J.: 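Got a structure for you, questions after.
Any value given below was found using the heavy atoms of this structure, including those in side chains, with hydrogens, waters and symmetry copies removed. Bear in mind that the values here come from a model prediction, so they are computed numbers and not experimental data. Just so you know, ligand 1 is whichever comes first in the structure, and atom 1 is the first atom listed for that ligand.
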Amino acid sequence: MPFIDLASQYAALKDRIAERMQRVLDHGQYIMGPEVAELEGQLAAFTGARHCITVSSGTEALLIALMALDLKPGDEVITTPFTFAATAETIVLLGGVPVFVDIEPDTCNLDVSLVEARITPRTRAIMPVSLYGQVADMAPLNAIAARHGLPVIEDAAQSFGATYQGARSGALSTFGCTSFFPSKPLGCYGDGGAIFTSDDTLARACREIRVHGQSARYTHTRVGVGGRMDTLQCAIVLAKLERFEWELQRRREIGARYSQLLDGSGVQLLTVRPDRECVWGQYTVFVERRAEVQAHLQAAGIPTAVHYPKPLHRQPAYAAHAGDAAFPVSDAASERVMSLPMSADLTEAQQDRVVEALRRSLA
Ligand SMILES: *Cc1c(COP(=O)(O)O)cnc(C)c1O
């Protein structure tokens, strides 16, 4: 059983993907071809953001958003230590300082009640992560940010398609940044990502930064990067969008069925807040004796993963930024989280096997 079943998805979309790719090969506009604008239009409409700027990865999306905000060395960005390294990496790459704030124990998202105390005169932005496909608590976070005149960048790499109070992840704050890494809820066949914003000036800055800071051909108005998403990758995402609503529905159903089947099993489930629809970028639970449980599941042919075994304040590259601060909730989560096989094509029979093996491993 695969951890993420990309083969079944490909089998279902094979002809559409081939057609879309063939069209690119025929017109030959491999960079910034018509599929780029077509995808940006569809994704902006889907999220409700005024602008979508496709870029070469989710990491590049975060980096370009911070560059558009003109992050300077020494500027502080408030974020979570319980995330993939890319979140803090982009801050540090620009000379910024990640200021970590601990997470909520039941969602693993930024604990918004701890944010305001960490704002200083050097704070330049707040970067929550919508982990496992559930949006962070954006409304109170946006309110705090507005009080202090700060922009909010949602790291929506795992949450594309999720909703918060009826609005889509990515369109909930100054910027939303997502990833089309193959294993994300909406993936391409390589690296890709997108920035969402409804601010015209920031959107323009992102478009320029994406192409080496050019405001016109060979006019380099600012320092930028080579951060475009390939036309071929955009074509693949366009093909995948054709059944994306169905996939989101399946993800919600499979997530709900896992939660129902695992109720009372001894694993602790993630809480999904009532004002949110989770897309289960990962279906993650909390277990005791995780290494043993994982070994037991592996022996039964069930792959699992840990997102993430070490929070960033315990990573050599980022520990210095944490100073003496403690992040006990992140530490506790990192020892207990375990992700189960999850994708839109996971069958009920496969899911039953996962749950049965997991229950046996806990007995
Ligand atoms: C995947 C991921 C990223 C980075 O996306 P890439 O496309 O791999 O660069 C950033 N943040 C989080 C939370 C992620 O899961």
J.: Ignoring hydrogens and angles, state whether a donor on the side chain of His27 or Glu35 is under 3.5 Å from an acceptor on the partner side chain.
T.: yes
J.: Ignoring hydrogens and geometry beyond distance, is a side-chain donor-acceptor pair present between Gln134 and Arg273 at under 3.5 Å?
T.: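 No - no donor-acceptor pair under 3.5 Å links their side chains.
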J.: Which parts of the protein, at residue level, reach under 4.0 Å of ligand 1 through a heavy atom?
T.: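 For ligand 1, the contacting residues are Ser57, Gly58, Thr59, Thr83, Phe84, Ala86, Thr87, Val129, Asp155, Ala157, Gln158, Ser179, Phe181, Lys184, Gly192, Tyr308.
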J.: Strictly by modelled atom types, are Asn142 and Ser173 linked by a side-chain donor-acceptor pair under 3.5 Å?
T.: no
J.: Please identify which of these residues, Phe3, Tyr258, Tyr132, meets the ring-ring contact (aromatic ring centres under 6.0 Å, His included) condition with Tyr283.
T.: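 Going through Phe3, Tyr258, Tyr132 one by one, the ring-ring contact (aromatic ring centres under 6.0 Å, His included) with Tyr283 is satisfied by Tyr258 alone.
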J.: Between Glu116 and His148, is a side chain to side chain donor-acceptor pair (under 3.5 Å) present by the stated rule, with each step listed?
T.: CA-CA 9 Å; Glu116 201 151 25; His148 294 268; 2.7 Å; yes
J.: Decide whether Thr197 and His51 meet the rule of one side-chain donor and one side-chain acceptor closer than 3.5 Å.
T.: no
